[in-house]
Amino acid sequence: MEYRQLGRSGLKVSALSLGTMTFGGQGKFAKTGQTDVATARRQIALCREAGINLFDTADVYSGGLSEQILGEALGKERHEVLIASKARFPMGEGPNDAGLSRHHILRACEASLKRLNTDYLDLYQLHQWDGLTPLEETLRALEDLVSSGKVRYVGLSNFSAWHLMKTLGVSEAHHWIRPVSQQIHYTLQAREAEYELLPVSHDQGLGVLVWSPLAGGLLSGKYRRNQPQPEGTRHLAEWGEPPVRDENKLYDIIDVLVEIAEARGVSAAQISLAWLLAKPVVTSVIVGARSEEQLKDNLLAAQITLTADELERLDKVSQPPLLYPYWHQAQTASDRLSPADLSLIAPYLSKKD
């Protein structure tokens with residue numbers, strides 16, 4: 001297992017990490033999985049054997065049950081690993097039971113610590129933007145949590161680029177704790193993060209944690225063109241995260257994935273994960289699984305290094321259109337682009353040439 005530095009921090013995290021949304025399986029999270037404590041212990045053992053040191057959860061997953069199961073399953077091993085959790089979404093029906101207010105963040109952190117049976121979180125992430133709460137209020141609350149020793153590092157999740165830059169600006173202006181990472185959705189099927197989120201990470205030195213790297217199972221190889229969909233799965237028309245806007249392009253991507261996977265004798269899921277691991281700005285890819293078989297398969301992705309030809313084929317079939325102002329920059333500003341700019345635009349310049 002490779003260990004990568006998390007942004008500008010001194011913390012090193014495994015290139016693959018375990019996501020625990022499947023732990024618990026209550027309410028709307030039941031469709032993701034129903035992992036109990038005994039199964040969680042076995043999954044954690046498999047991950048630790050493979051070298052994984054980061055375990056990601058959130059208070060909202062199964063109404064806190066995911067955190068509770070993770071804490072119980074880790075037991076005495078808690079101090080040998082890193083735990084990342086999140087807060088923002090509703091944890092009750094009251095008007096202050098959601099958001100990024102000081103009131104909610106402090107209560108949410110205390111509740112997460114109790115459920116996880118730990119006295120600190122290695123990484124505490126703002127799970128989504130809150131446009132109603134002043135950032136000064138949110139960041140000062142995080143600063144207090146860090147100063148008190150309850151949180152060691154802070155991250156963001158699902159922020160837009162301008163949200164992210166505003167957050168960094170406010171934290172630096174007040175000399176408060178600076179976020180070290182962002183957790184985002186990024187796959188072969190959904191490469192929107194390449195427009196701004198990945199260049200911002202490149203420029204500002206933020207680590208990148210990728211959630212749902214198989215696009216909710218779309219890129220596992222189970223979904224094929226003109227074939228019946230697997231029993232018990234969603235229809236493409238019902239997909240919400242991520243939305244499927246171009247079904248033909250999705251199947252084009254899957255066709256290439258399967259061709260590369262079959263030539264190597266591995267799964268399409270492993271190739272999907274290996275493509276993400278090959279991206280220089282990606283720090284860790286968060287994998288999750290309904291079963292131990294799926295988890296074992298995903299973990300093998302850490303052993304795959306794609307060739308330049310394989311990467312080119314995957315990049316080409318999944319490449320998104322260059323939006324404004326980037327196509328204009330490619331046409332008129334290519335002589336003065338930074339490495340962060342080129343992380344998006346360089347492939348299009350080569351294509352133009």
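Since we're looking at a predicted model, the values are computed, not measured. Below, each value reflects all heavy atoms present in this structure, side chains not excepted, and no hydrogens, waters or symmetry copies.
- Under the rule for a salt bridge (charged side-chain N to carboxylate O under 4.0 Å, His left out), R41 has no partner lying at least two apart in sequence or in another chain.
- Side-chain N/O atoms of R4 and S284 include no donor and acceptor closer than 3.5 Å.
- With 3.5 Å as the limit, one finds a donor-acceptor pair spanning the side chains of Y186 and E194.
- Shown here are the salt bridge (charged side-chain N to carboxylate O under 4.0 Å, His left out) partners of D56, two or more places apart in sequence or in another chain: K86.
- Scanning for side-chain hydrogen bond (donor to acceptor under 3.5 Å, both in side chains) contacts around T22 gives T35, with sequence neighbours left out.
- Under a cutoff of 6.0 Å and an axis angle of 45°, R152 and Y120 form a cation-pi pair.
- A salt bridge does not link R88 to D59: none of the charged side-chain nitrogens sits closer than 4.0 Å to a carboxylate oxygen.
- Note that NZ of K296 is 9.5 Å distant from OG of S291, once rounded to the nearest 0.5 Å.
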Going by atom type alone, with no hydrogens or angles, which donor-acceptor pairs under 3.5 Å involve a side-chain atom of residues 253-264 and a protein atom two or more places apart or on another chain?
unit_1, atom_1, unit_2, atom_2, d
D255, OD2, R225, NH2, 2.8
E259, OE1, R313, NH2, 2.6
R264, NE, E310, OE1, 3.3
R264, NE, E310, OE2, 3.0
R264, NH2, T305, O, 2.9
R264, NH2, E310, OE1, 3.0

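- Among residues two or more places apart in sequence or in another chain, the salt bridge (charged side-chain N to carboxylate O under 4.0 Å, His left out) test is passed with E136 by none.
- For H175, there are no ring-ring contact (aromatic ring centres under 6.0 Å, His included) partners two or more places apart in sequence or in a different chain.
- For R42 and D36, the salt-bridge test fails: no basic side-chain N is under 4.0 Å from an acidic carboxylate O.
- Counting heavy atoms of neighbouring residues, nucleotides and ligands inside a 6.0 Å radius, atom CD of E293 does not exceed 12 of them.
- A salt bridge links D122 with R78: the closest approach of a Lys/Arg side-chain nitrogen to an acidic carboxylate oxygen falls below 4.0 angstrom.
- Here the rule is side-chain contact (heavy atoms from CB on, under 4.5 Å) with I83, and of L123, T20, L74, L113 only L74 fits it.
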